[in-house]
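One structure below.
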Amino acid sequence: MFLYYIIALIIIAIDQLTKWTIVKTMELGESITVIQDFFYITSHRNSGAAWGILEGKMLFFYIVTIVVVICVVYYMQKHAKNDKILAVALSFILGGAIGNFIDRLFRQEVVDFFNFYIFNYNFPIFNVADSALTVGVILVIIATILDERKKGKTTK
Ligand SMILES: CCC[C@@H]1OC(=O)[C@@H](C)C[C@H](C)CCCCC(=O)CCC[C@@H](CC)/C=C\C=C(/COC)CC[C@@H](O)[C@@H](O)C[C@H](O)CNC1=O
């Protein structure tokens with residue numbers, strides 16, 4: 001069981017290390033071209049959630065994140081013992097949520113730097129924590145579908 005909390009800790013460490021490096025080595029708004037017209041590292045801040053929604057509503061973000069963390073830990077203790085994919089998914093969500101929570105607590109904003117242009121659309125700039133959250137959400141959906149299928153097979 002502790003393995004999954006280690007995964008969350010590793011995600012938090014990578015997230016905080018990358019954000020710290022961006023803050024220390026780049027000016028706000030500065031952009032480094034990694035792949036021309038596709039991938040840039042741009043120093044950006046966001047005091048909202050995805051796409052900058054609910055800008056500045058820190059209390060709301062604290063409450064939502066604490067609820068997310070409590071639900072994830074509860075689910076990890078209860079259901080993730082026999083479902084590895086679900087356990088890894090939940091540890092990704094846990095790591096991502098805490099990663100952004102630390103930023104919101106100490107900076108009142110989130111440091112973002114992955115800047116992708118997908119078919120000329122400038123996708124919102126995000127960070128390691130967002131990536132972990134998104135991968136976690138996708139893995140939870142996959143784990144649920146697989147679990148439904150397994151249940152479907154045994155009941156027939
Ligand atoms: C990813 C969750 C967002 C993350 O939620 C969090 O922290 C959680 C723990 C707390 C929130 C208050 C609650 C979730 C709000 C849900 C939401 O927002 C809809 C999510 C859609 C999502 C599919 C899951 C698509 C994609 C998003 C983006 C790309 O991510 C790869 C854009 C990221 C950039 O806008 C970047 O500036 C965001 C900034 O870093 C702050 N991040 C957050 O608020």
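Whatever order the structure lists them in is the order used to number ligands and atoms, beginning at 1. Everything numeric here is computed off the predicted structure, so don't read it as measured data.
Which parts of ligand 1 touch N127 is read off a 4.0 Å heavy-atom cut-off, strictly below it: atoms 40 (O). Which parts of ligand 1 touch I125 is read off a 4.0 Å heavy-atom cut-off, strictly below it: atoms 34 (C), 36 (C), 37 (O). Counting atoms of ligand 1 from 1 in the listed order, those under 4.0 Å from a heavy atom of A97 are 9 (C). With ligand atoms numbered from 1 in the order given, ligand 1 contributes 35 (O), 36 (C), 37 (O), 38 (C), 39 (C) to contacts under 4.0 Å with heavy atoms of N46. Atoms of ligand 1 found under 4.0 Å from any heavy atom of V64, numbered from 1 in the order shown, are 13 (C). Residue-ligand proximity, L133 to ligand 1, at heavy-atom distances under 4.0 Å covers atoms 4 (C), 5 (O), 6 (C), 7 (O), 9 (C). Of all atoms in ligand 1, listed by their number and element, those nearer than 4.0 Å to a heavy atom of A49 are 18 (O), 35 (O), 38 (C), 44 (O). Against a heavy-atom cut-off of under 4.0 Å, F123 is close to the following atoms of ligand 1: 29 (C).
Atom-to-atom distance recorded for D83:CG and L90:CG is 8.5 Å, nearest 0.5 angstrom. Taking CG of D147 as the start and CD1 of I142 as the end, the distance is 13.5 Å to the nearest 0.5 Å. In this structure, the separation between OH on Y117 and CG on N122 is 4.0 Å, given to the nearest 0.5 Å. The distance from the CD1 atom of I125 to the CZ atom of F113 is 11.0 Å, given to the nearest 0.5 Å. Remark: T144 OG1 to R149 CZ distance equals 12.5 Å, nearest 0.5 Å. Taken to the nearest 0.5 Å, the CZ atom of F101 stands 8.5 Å off from the CZ atom of F106.
Taking all heavy atoms of V137, T134, V67 into account, the minimum distance to atom 23 (C) of ligand 1 is reached by T134. Nearest to atom 35 (O) of ligand 1 by heavy atom, out of Y62, F126, W51, is W51.
Closest of all the heavy-atom pairs between I22 and V111 is CG2-CG1, 4.1 Å. Across all their heavy atoms, Q16 and I102 have their closest contact at OE1-CG2, 3.6 Å. Contact record, G29 with T42: O-CG2, 4.0 Å, taken as the closest heavy-atom pair.
Closest to atom 4 (C) of ligand 1, if we only count protein heavy atoms, is D130 OD1, 3.4 Å. The closest protein non-hydrogen atom to atom 20 (C) of ligand 1 is A50 CB, 3.9 Å. In terms of protein heavy-atom proximity, atom 12 (C) of ligand 1 is nearest to F61 CD2, 3.1 Å.
The closest side-chain donor-acceptor pair between D37 and N120, if any, does not fall under 3.5 angstrom.
For a threshold of 3.5 Å applied to N or O pairs, the pair formed by G52 and ligand 1 contains no separation below that value. Between N100 and ligand 1, an N or O atom pair is found at a separation short of 3.5 Å. For a threshold of 3.5 Å applied to N or O pairs, the pair formed by R104 and ligand 1 contains at least one separation below that value.
When heavy-atom distances to ligand 1 are checked against a 4.0 Å cut-off, F101 has no atom that comes that close, whether in backbone or side chain. By the criterion of a heavy-atom distance under 4.0 Å, the side chain of P124, and not its backbone, is placed next to ligand 1.
Considering N100, I98, L17 in turn, I98 is the only one that fulfils the side-chain contact (heavy atoms from CB on, under 4.5 Å) rule with I12.
Checking atom 43 (C) of ligand 1 against the protein gives a heavy-atom contact under 4.0 Å. Protein heavy atoms are absent from the space less than 4.0 angstrom from atom 16 (C) of ligand 1.
Ligand 1 has at least one atom lying under 4.0 Å from a heavy atom of D112. In this structure, F114 has no heavy atom closer than 4.0 Å to ligand 1. Heavy-atom distances between H44 and ligand 1 stay at or above 4.0 Å for every pair.
Between D103 and K19 there is a salt bridge, since a side-chain N of the basic residue sits under 4.0 Å from a carboxylate O of the acidic one.
The environment of OH in Y121 is crowded: more than 12 heavy-atom neighbours from other residues, nucleotides or ligands sit within 6.0 Å.
Using the six-membered ring where Trp is involved, F116 and F39 have ring planes that are parallel, under 30° apart on the 30 and 60° scheme.
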